[in-house]
Amino acid sequence: MNTHAWDLSPQDAIALQKQWADRVVLCDEFDEVRFVAGVDVGFEENNKVTRAAIAVLSFPSLQLVESALVKQPTRYPYIPGLLSFREMPAILAAYSTLRTIPDLLLCDGQGVAHPRRLGIASHLGVWLDKPAIGVGKSRLVGQYGPVPDVRGSWVALVDKGEEVGAVLRSRQNVKPIFISPGHKISIDSAIKWTMACTTRFKLPETTRHAHHIASNLK
DNA sequence: GCGACAG
DNA sequence: ATCTTGTCGC
């Protein structure tokens, strides 16, 4: 069988996460944002095939300007806390085909709201040295209180006494989403930029486009 | 040992 | 993530 740089034992993967977590930058390190990208991954054939999609949108108009889709064999199982080892190879392959380089990434999943502070948004952000935000539909770690049912309101997500992100009401009457910095962005800015990419739906337009592309539908 | 657990 | 139609509510 062929080996792969991403084929790490869970133990080694965890060790790598602990080391890379130190490289995550939690303050804003970017200027003008002209393009924002949504990253999403889907599976088919009973998880045998991984589909990674990236949608690049103009900002602030949020119009789709470019999209990428890559399919490749799945080679790592889903293990909570090790998601990036399963999805990043395909994501990087898709990213490498882009002609329009985005200034900010919004990834499905968590950023530093992760057991070892290196969720997929952080891993990807550090790898690409690009500002990134983790946008999750559910919680991996952290505690939080009631989120006011008013669009834009949010409460802190705290893990082990550390503020790692926010639970954001991106839309009224809908379950909130879990925002956390991936890389080169603060929690406050992550919330701000996520809202700036969100129109009338629960998820940011970036994520919605990427999800649509990664989906098999047409 | 038991329960939790992104996609 | 994925299997899947209609249906209830703002």
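Chain letters run A, B, ... following the sequence lines, proteins first, then strands; residues in each count from 1. Side chains are part of it too, since the values below use all heavy atoms of this structure and drop only hydrogens, waters and symmetry mates. Since the structure is predicted, the reported quantities are computational estimates derived from the model, not experimental observations.
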* Structure fact -> Sequence neighbours excluded, the answer for side-chain contact (heavy atoms from CB on, under 4.5 Å) partners of Ala55(A) is Leu57(A), Leu64(A), His209(A), Ala210(A), Ile213(A)
* Intra- and interstrand pairs of DNA chain C - dot-bracket, Watson-Crick/G-U under 3.5 Å, | marks other strand -> ..........
* Residues from residues 150-164 of chain A lying under 4.0 Å of DNA chain B - heavy atoms -> none
* Sequence neighbours excluded, every pair satisfying salt bridge (charged side-chain N to carboxylate O under 4.0 Å, His left out) that has a member inside residues 174-184 of chain A -> Glu29(A)-Lys184(A), Asp129(A)-Lys184(A)
* Asked: Counting distance only, does the side-chain N/O of Arg151(A) pair as donor-acceptor with the main-chain N or O of Ser170(A) below 3.5 Å?
  -> yes
* Give each stem of DNA chain B as a range with a range, requiring at least 3 consecutive Watson-Crick or G-U wobble pairs whose two distances are under 3.5 Å. => none
* When you look at CZ of Arg23(A), are more than 12 heavy atoms from neighbouring residues, nucleotides or ligands closer to it than 6.0 Å? -> yes
* Whichever hydrophobic residues join Val25(A) through chains of side-chain contacts under 4.5 Å -> none
* Asked: Taking CE from Met88(A) and P from dA1(C), how many angstroms apart are they, rounded to a whole number?
  -> 19 Å
* What residues, two or more places apart in sequence or in another chain, satisfy side-chain contact (heavy atoms from CB on, under 4.5 Å) together with Glu45(A)? -> Lys48(A), Val49(A)
Show me the protein contacts with nucleotides 5-10 of chain C, counting only N or O atoms at under 3.5 Å.
{"unit_1": "dC10(C)", "atom_1": "O3'", "unit_2": "Asn173(A)", "atom_2": "ND2", "d": "3.4"}

* Please state whether the rings of Trp127(A) and Trp20(A) are parallel, tilted or perpendicular, taking 30° and 60° as the class boundaries. => parallel
* Asked: Taking the six-membered ring for Trp, is the centroid-to-centroid distance between Phe59(A) and Trp193(A) below 6.0 Å?
  -> yes
* Which residues pass the ring-ring contact (aromatic ring centres under 6.0 Å, His included) test with Phe201(A), sequence neighbours left out? -> none
* Asked: Can you name the side chain to side chain donor-acceptor pair (under 3.5 Å) partners of Ser58(A), sequence neighbours left out?
  -> Ser61(A)
* Under the criterion side-chain contact (heavy atoms from CB on, under 4.5 Å), which of Val39(A), Val41(A), Leu124(A) is the partner of Glu87(A)? -> Val41(A)
* Going 5' to 3' through nucleotides 2-7 of chain B, assign each nucleotide B (protein heavy atom under 4.0 Å from a base atom), S (under 4.0 Å only from sugar-phosphate atoms) or - (no protein heavy atom that close). => --SBBB
* Asked: Near Gln143(A) CD, under 6.0 Å, is it more than 12 heavy atoms from other residues, nucleotides or ligands?
  -> no
* Asked: When you look at CD of Gln72(A), are more than 12 heavy atoms from neighbouring residues, nucleotides or ligands closer to it than 6.0 Å?
  -> yes
Please set out all donor-acceptor pairs under 3.5 angstrom arising from side-chain atoms of residues 111-122 of chain A, sequence neighbours excluded.
{"unit_1": "His114(A)", "atom_1": "ND1", "unit_2": "Arg116(A)", "atom_2": "N", "d": "2.9"}
{"unit_1": "His114(A)", "atom_1": "ND1", "unit_2": "Arg117(A)", "atom_2": "N", "d": "3.4"}
{"unit_1": "His114(A)", "atom_1": "ND1", "unit_2": "Leu118(A)", "atom_2": "N", "d": "3.3"}
{"unit_1": "His114(A)", "atom_1": "NE2", "unit_2": "Gly81(A)", "atom_2": "O", "d": "2.8"}
{"unit_1": "Arg116(A)", "atom_1": "NE", "unit_2": "Gln17(A)", "atom_2": "OE1", "d": "2.6"}
{"unit_1": "Arg116(A)", "atom_1": "NH2", "unit_2": "Gln17(A)", "atom_2": "OE1", "d": "2.8"}
{"unit_1": "Arg117(A)", "atom_1": "NE", "unit_2": "Glu162(A)", "atom_2": "OE1", "d": "3.3"}
{"unit_1": "Arg117(A)", "atom_1": "NH1", "unit_2": "His114(A)", "atom_2": "O", "d": "2.5"}
{"unit_1": "Arg117(A)", "atom_1": "NH1", "unit_2": "Asp159(A)", "atom_2": "OD2", "d": "2.9"}
{"unit_1": "Arg117(A)", "atom_1": "NH2", "unit_2": "Asp159(A)", "atom_2": "O", "d": "3.3"}
{"unit_1": "Arg117(A)", "atom_1": "NH2", "unit_2": "Asp159(A)", "atom_2": "OD2", "d": "3.1"}
{"unit_1": "Arg117(A)", "atom_1": "NH2", "unit_2": "Glu162(A)", "atom_2": "OE1", "d": "3.3"}
{"unit_1": "Ser122(A)", "atom_1": "OG", "unit_2": "Gly111(A)", "atom_2": "O", "d": "3.4"}
{"unit_1": "Ser122(A)", "atom_1": "OG", "unit_2": "Val112(A)", "atom_2": "N", "d": "3.4"}
{"unit_1": "Ser122(A)", "atom_1": "OG", "unit_2": "Gly182(A)", "atom_2": "O", "d": "2.7"}

* side-chain contact (heavy atoms from CB on, under 4.5 Å) partner of Val135(A), the single match among Asp40(A), Thr206(A), Ile179(A), Leu168(A) -> Ile179(A)
